[in-house]
Every structure is written in structure tokens, then in C-alpha cells.
Amino acid sequence: MGDSDEVNWHPTNYRTNTLGEINSNGEDLVGSEVTLCGFAEIIRGKGAVCFIKLRDGTGTLQAFIKKGNVTDEELEICQTASRESTLQVIGTIAEKRPPRVPEGAPTPPTEYEIVANKVKILSLAQTPMPLGVTDKVDVGMDVRLDNRFLDLRRAHVNAMFKLRSRILQYGREHLISEGFGEINSPKIIAAAAEGGTNLFPIKYFDRDAYLSQSPQLYKQLAVMGNLERVFEIGPAFRAEKHDTYRHLNEFISFDIEMAWASDEDVMCVQERMISHIWSKIKENDQNLIDAVNEFRISEGKDPIEVNVPSIPFPRVSYCDAIELIKNSGTEIEWGDDIEAHHADIIAEKYSEFYFIPKWPMSMKPFYIFHDKNEVSKTGGQLSRGFDLNFGRDEMTSGGQREHRANVLTQNLIDVDLNPDDFDFYVDGFRYGAPPHAGWGLGVARLLMVLTGAGNVRETVLFPRDRKRCTP
RNA sequence: GCUCCUGUAGUGUAGUGGCCUAUCAUGCAGCCCUGUCACGGCUGCGACCCGGGUUCAAAUCCCGGCAGGGGCGCCA
């Protein structure tokens with residue numbers, strides 16, 4: 001898919017080339033013998049000829065099978081094979097005859113095909129399929145998820161997950177360029193670490209343990225260990241019975257933590273990273289966006305455009321956000337949470353990415369830093385915690401962290417957590433601690449923003465929600 | 001936890017008490033045509049979530065179950 005220039009698809013035991021390579025280098029390959037593999041997307045033609053549109057992970061290519069070029073058995077097998085069966089075709093690359101076009105329509109660009117002299121079925125697809133790969137029939141989410149392996153073969157779904165990979169790739173490469181190193185923190189944890197959310201209990205040999213809700217405490221300890229700047233892309237688990245378009249019980253959190261930095265510093269890292277991701281996708285992956293758009297248009301939706309957001313993103317401090325919401329006539333008080341319907345009001349003015357810095361300390365977890373001198377007009381203690389929103393949806397939560405061990409201990413007491421349970425963590429701050437800051441970003445939500453997907457289940461391969469833990 | 005909604009062929013649907021031995025599309029099977037390409041033509045296959053009730057009559061109304069979806073709440 002357009003990346004054959006930079007990727008080396010080495011030949012395998014099954015094929016000499018990818019279909020994408022034939023499409024992009026067809027001119028040079030005309031006349032040469034190749035072995036190709038793919039799924040049979042469409043099988044057409046009876047009598048003396050058969051056309052099979054092959055599809056692999058790099059593109060599609062027509063195989064032309066003609067009586068006399070192959071054995072009669074092979075022709076018969078091809079003509080009776082079911083769609084989505086997998087095939088190996090040995091043949092010669094040739095220019096494809098152009099299709100008939102309506103009077104006055106432009107001639108389509110030259111395409112290539114493989115003229116088969118040997119065809120082998122690798123695996124015959126069972127019929128009927130639970131959902132059609134190319135059928136123009138809507139499919140319900142449930143059927144799609146139950147048969148995700150087939151759903152994924154649909155061009156726009158396939159493109160969605162390639163875009164997801166791109167987001168991770170470009171995000172990684174940007175952070176590495178700013179000195180970050182990738183870490184992995186444990187997902188099995190001993191205590192209900194941070195409070196605030198329900199955890200999934202598990203059995204760890206004879207002990208009770210939990211699935212991690214976030215790498216927060218561990219990435220901070222890594223920074224305490226002088227790893228300086230770290231990031232982690234890993235799963236987080238929350239046992240909340242939510243049932244919305246934007247929540248899952250298992251999700252991939254893209255986290256960073258950096259030493260010698262404030263909340264503002266890591267907001268800058270984040271906006272640079274998102275801007276980098278957007279501009280690289282615009283530069284390299286328009287083909288994937290096109291695949292998504294082809295589907296959107298067929299559904300009567302507007303196509304998406306990759307507009308690289310300009311930086312810096314707007315900063316709408318918590319206090320200003322509350323003012324803004326109040327002025328719109330909606331009832332809200334300082335100290336209330338900014339819920340999705342409140343964010344709608346902010347989004348009228350800031351429709352894309354914007355930060356909400358300086359939340360009340362009372363609303364943020366114990367590890368967030370606060371400065372006694374930073375208070376609201378009403379005297380409420382502010383924190384260095386921030387969110388990143390896109391329109392109504394929260395993308396990120398982050399902040400400068402508390403690095404003073406004695407304040408940390410007091411913060412724990414203030415939120416009714418037992419400091420003894422956090423010795424493993426607070427001890428990390430007793431032997432010299434750099435001021436530091438970080439954030440966690442929901443990868444699936446970022447992909448939703450990029451692709452206009454209306455449901456987080458569109459952006460996660462095998463989503464885990466309240467009702468689903470298979471496949 | 002609260003609330004609203006929905007279960008009809010493999011898939012997506014039409015259907016609001018009798019016109020339903022149930023519509024259309026897609027699919028699948030067979031035949032015909034064809035260097036096809038949104039191929040075309042003909043024929044066929046395939047379904048009312050489960051259990052009870054109301055009624056002369058139920059896909060349709062009622063009750064229960066099961067399954068699914070939307071929204072809210074909850075949610076570093």
C-alpha cells in the first residue's frame with residue numbers, strides 16, 4: 001500500500017512478490033515470471049476464462065486464467081472456488097486490458113495482471129460467510145466483532161488499523177527524537193494502587209492481586225531512577241461498568257514521564273507529538289485515509305481530511321472553562337467536573353484540540369503537584385493537572401507530579417489512602433527526586449479523532465467492554 | 001446502577017392483527033453469456049430469538065426469559 005518504496009518485502013517460500021510491488025513496479029516486471037499469493041476477492045468468468053481479483057496485505061491484483069495456459073482441472077478449480085479462498089498463482093506479469101468505459105469517460109491508468117500458468121488453492125473458504133468482505137450490505141457491530149478476522153479484510157477497516165499502527169510509529173519516533181526511551185511496567189499489581197477507579201481482581205498464586213489501571217507510579221519510579229525521559233505504550237484495565245462510545249475496560253494508554261519538567265513542558269511535548277503524527281500521516285498515508293473515505297462516502301458521510309493542527313494548542317484553564325460554561329447559561333460551580341455536555345460548550349469556541357490546565361487539587365489524584373501560591377479567585381487550591389480535549393472528548397490526562405515525599409504522604413492522607421500501602425512508591429522520592437511531569441493519552445481516542453470514527457470499538461482490534469470478552 | 005430502544009434467511013432489511021405458503025438487496029447453488037472488471041441474464045436455496053398468554057386468526061398485541069444496541073451515571 002504505497003509503502004513498497006521504503007519497505008523490503010523479501011521473497012518467501014510462498015511468493016516472490018507482493019501484489020503491491022506488482023502494482024507499483026508493474027512496468028519493470030512485465031514479462032517476468034512471478035509467484036503470488038492472496039485471497040480471492042472476486043471470481044468471475046466461466047467457459048474458457050476466469051478472472052480472480054487477488055488481495056494480500058499490500059493491495060489487489062487480477063489473475064487471468066485461460067484455458068490452455070493452465071490444466072482444465074486448474075481452470076475448473078478456479079471457477080468453482082469460493083470467495084476469500086487463498087490461492088498461489090504462478091504466471092507472467094502483463095498489462096491488463098483496459099475496461100470498457102462509458103462514452104467520453106477518461107481512460108483509466110494502466111494496470112497490471114498476472115497471466116497464470118499454474119494455480120493452486122491454498123485454503124478453500126467455507127460458505128456462506130458470516131459477513132461479506134466486499135458486499136454492499138451494512139453489518140452490525142456485533143456480527144463484525146464476532147468475526148473480526150473477516151471484518152478486518154474490509155478495506156476501510158484494514159486501513160483503520162494500519163493508521164493505528166502509524167500513529168504509534170510516528171508517536172514513538174517523535175518521542176525518541178526528544179530523548180525518550182521506551183519502558184514496560186508491570187500489569188499485575190499488588191494493591192489497589194491509586195484509588196479513583198475499580199480494578200479487576202485476579203489470583204496471583206496464593207495472593208490477591210489486580211490488573212493495573214495505569215503505569216503511573218512505575219513510570220515515575222523510572223524517572224526517579226534517572227532514566228530521564230520515558231514512555232510506555234501498554235494496556236490499562238478499568239473495571240467500570242460504563243457503556244458508551246468512548247469507554248472500554250481494556251485500552252492502550254500512551255504514557256510519557258519526564259524529569260526536570262513542569263506541566264507546561266509536557267503539554268508542549270504532547271502538542272509537538274500530535275502535530276508530528278498528523279503531518280507524517282498527511283505526508284505518507286493518504287492512501288489509508290482514502291480507503292476510510294471511500295467507505296464514509298458510501299455511507300453518505302463527509303470525507304475526513306488530515307488537517308495538521310497548529311501549535312501551540314489553546315490553553316483554557318479550568319477556571320476560564322468554568323467561566324465560559326457559566327456565561328453560556330449552564331449551571332456549574334468551581335469544583336464541579338467538566339462533563340461531556342459541558343465540554344460541548346467549550347467546543348463551540350475551541351472545536352479541535354485544547355488543553356484544560358490547572359484543575360482544582362481536590363479533583364486530581366494524590367501524585368499531582370500543587371503550589372500553595374496558586375489558588376483560584378475564590379481561594380480554592382489549584383493543581384498542575386491538565387486534560388487535553390478534542391471537542392467534547394477527553395484525550396489525555398496529565399500534569400506535573402509531586403516530588404516532595406512529605407507532601408506526597410500528606411496528599412495520600414487527604415484522600416483517605418493509607419501511606420503504608422504506598423511505601424514502594426513514596427520511598428522512591430526520599431533519596432533525591434527531580435521535579436517531573438507526564439501524561440497518558442488514549443490511543444483509540446486519538447485514532448477516533450483522526451478518522452472520524454464514532455465508536456471506540458472501530459479503533460480497537462478486539463475490544464473489551466462490559467459485555468464482551470471474546471474473541 | 002438508572003433509562004430508552006431492538007431481536008425476521010449467512011448478512012443488512014420490508015412488515016403495525018387476516019392481503020405473509022413473508023419484501024427487497026446481498027450471498028450461496030445451478031445454467032446461459034462474456035477479456036470480465038459496479039459485468040449481464042435466467043432458475044433455485046435460505047428467516048419471523050425462546051417460553052407462555054390474548055384472539056376465530058399473531059412476525060405483528062401482552063407477560064416472562066435470553067441476547068444485542070443507544071444514552072446517562074460512574075470513570076488519573
Side-chain angles (χ1 to χ4, degrees), chain A residues 41-53 60-67 69 79-80 82-84 94-102 108 111 113 115 125-147 150-151 154 193-199 212-217 219-220 236-249 251 253 255 257 294 298-299 337 339-341 359 361 363-368 383-388 394-399 401 415 438-442 454-455 457 465-468:
Chain A
E41 188 164 294
I42 309 170
I43 301 173
R44 257 198 288 268
K46 295 282 150 98
V49 294
C50 178
F51 305 94
I52 300 183
K53 189 176 180 186
T60 61
L61 187 81
Q62 174 166 286
F64 177 47
I65 299 131
K66 193 178 181 181
K67 195 180 175 77
N69 289 172
Q79 287 174 335
T80 57
S82 46
R83 296 189 306 164
E84 295 304 314
E95 270 192 25
K96 190 180 161 194
R97 291 195 192 173
R100 273 188 240 120
V101 291
E111 288 186 77
E113 67 180 3
V115 180
Q126 188 178 310
T127 59
M129 294 186 287
L131 65 95
V133 171
T134 53
D135 300 359
K136 288 165 195 64
V137 173
D138 285 337
V139 192
M141 184 65 81
D142 212 42
V143 171
R144 291 177 52 198
L145 292 178
D146 282 340
N147 301 279
L150 274 177
D151 184 45
R154 306 201 297 163
E194 301 158 41
T197 191
N198 292 316
L199 303 192
S212 167
Q213 68 181 105
S214 114
Q216 182 60 36
L217 307 184
K219 62 181 179 166
Q220 286 187 259
F237 305 90
R238 311 243 168 123
E240 298 293 341
K241 290 181 180 173
H242 32 49
D243 198 4
T244 78
Y245 68 90
R246 60 186 186 278
H247 288 98
L248 291 175
N249 296 295
F251 62 94
S253 181
D255 275 85
E257 204 65 34
E294 200 175 315
S298 78
E299 295 249 288
D337 197 11
E339 291 166 8
H341 66 278
W359 285 68
M361 186 60 199
M363 302 179 64
K364 283 292 164 184
F366 66 86
Y367 52 77
I368 291 289
S383 77
R384 294 289 184 84
F386 67 86
D387 284 357
L388 173 71
E394 186 183 330
M395 298 283 121
T396 295
S397 188
R401 318 306 191 184
V415 294
W439 41 254
L441 167 69
N455 192 315
R457 291 160 187 78
D465 63 29
R466 186 178 183 173
K467 292 181 179 150
R468 177 180 288 277

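Because the structure is a prediction, the values reported are computed rather than measured. Sequence lines set the chain letters: A, B, ... in the order given, protein chains first and strands last, and positions in each chain run from 1. Below, each value reflects all heavy atoms present in this structure, side chains not excepted, and no hydrogens, waters or symmetry copies.
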[M] and [N], which share atom name [atom1], separated by this distance in whole Å:
N: C48(B); M: U21(B); atom1: P; result: 14 Å
N: G7(B); M: G17(B); atom1: P; result: 15 Å
N: G65(B); M: C56(B); atom1: C1'; result: 29 Å
N: C24(B); M: C66(B); atom1: C1'; result: 30 Å
N: A59(B); M: G18(B); atom1: P; result: 10 Å
N: A14(B); M: U23(B); atom1: C1'; result: 5 Å
N: U13(B); M: U8(B); atom1: P; result: 8 Å
N: C19(B); M: C62(B); atom1: C1'; result: 25 Å

Mind checking if [X] touches a base, just sugar-phosphate, or nothing, with heavy atoms under 4.0 Å?
X: Lys96(A); value: base
X: Pro108(A); value: nothing
X: Gly399(A); value: nothing
X: Pro99(A); value: base
X: Glu339(A); value: sugar-phosphate
X: Val139(A); value: sugar-phosphate

Classify the side chain of [X] versus the base of [N] as yes if they form a donor-acceptor pair under 3.5 Å and no if they do not.
X: Arg466(A); N: G1(B); result: yes
X: Lys53(A); N: C37(B); result: no
X: Glu113(A); N: G35(B); result: yes

Checklist entry - With distance as the sole test, does Ser253(A) use its side chain to make a donor-acceptor pair with the main-chain N or O of Ala236(A) at under 3.5 Å? => result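 Looks like no, no N/O pair under 3.5 Å.
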
Item to check | Under 3.5 Å: donor-acceptor pair, side chain of Arg83(A), backbone of Glu41(A) | outcome: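 Pair absent, no side-chain N/O of Arg83(A) close to backbone of Glu41(A).
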
Presence of [X] side-chain N/O under 4.0 Å of [N] phosphate oxygens OP1/OP2:
X: Arg44(A); N: G40(B); answer: no
X: Asn147(A); N: G10(B); answer: no
X: Arg238(A); N: C75(B); answer: no

Using both distances under 3.5 Å as the test, list the Watson-Crick or G-U wobble partner of [N], or none.
N: U36(B); answer: none
N: G18(B); answer: C56(B)
N: G64(B); answer: C50(B)
N: G10(B); answer: U26(B)
N: G73(B); answer: none

Checklist entry - With nearest nucleotides of RNA chain B determined for Tyr245(A) and Met129(A) from heavy-atom distances, which residue corresponds to the more 5′ nucleotide? => result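 Its nucleotide being nearer the 5' end, the pick is Met129(A).
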
Checklist entry - Considering heavy-atom distances to RNA chain B, does Thr127(A) or Pro98(A) have its closest nucleotide positioned more toward the 5' end? => result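 The residue closer to the strand's 5' end, by nearest nucleotide, is Thr127(A).
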
Item to check | Nearest non-hydrogen partners of Ile368(A) and Gly385(A), listed with the distance | outcome: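 Nearest pair, atom of Ile368(A) first, then Gly385(A): CG2-N, 3.6 Å.
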
Tell me whether [X] is salt-bridged to [Y], with the criterion being a basic N under 4.0 Å from an acidic carboxylate O.
X: Asp151(A); Y: Arg154(A); answer: yes
X: Glu257(A); Y: Lys219(A); answer: yes
X: Asp387(A); Y: Lys364(A); answer: yes

What is the separation between atom [atom1] on [X] and atom [atom2] on [N], rounded to the nearest whole Å?
X: Lys467(A); N: U6(B); atom1: NZ; atom2: C1'; answer: 12 Å
X: Ile42(A); N: G35(B); atom1: CD1; atom2: P; answer: 18 Å
X: Phe237(A); N: C75(B); atom1: CZ; atom2: C1'; answer: 16 Å
X: Gln79(A); N: C33(B); atom1: CD; atom2: C1'; answer: 13 Å
X: Phe64(A); N: U36(B); atom1: CZ; atom2: P; answer: 9 Å
X: Ile52(A); N: U36(B); atom1: CD1; atom2: C1'; answer: 12 Å
X: His341(A); N: C74(B); atom1: NE2; atom2: P; answer: 10 Å
X: Asp138(A); N: G69(B); atom1: CG; atom2: P; answer: 17 Å

Next on the checklist: Does Phe237(A) form a side chain to side chain contact (heavy atoms under 4.5 Å, CB included) with Gln213(A)? I'd like the steps, not just the answer.
Outcome noted: CA-CA 5 Å; Phe237(A) 305 90; Gln213(A) 68 181 105; over 6 Å; no

Tell me which nucleotide among [options] gets nearest to the side chain of [X].
X: Gln62(A); options: G12(B), G35(B), C75(B); value: G35(B)
X: Asn455(A); options: G35(B), U11(B), G70(B); value: G70(B)
X: His247(A); options: C39(B), G27(B), C74(B); value: C74(B)

Checklist entry - Rounded to the nearest 0.5 Å, how far does OG1 of Thr396(A) lie from CZ of Phe386(A)? => result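 That separation rounds to 7.0 Å.
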
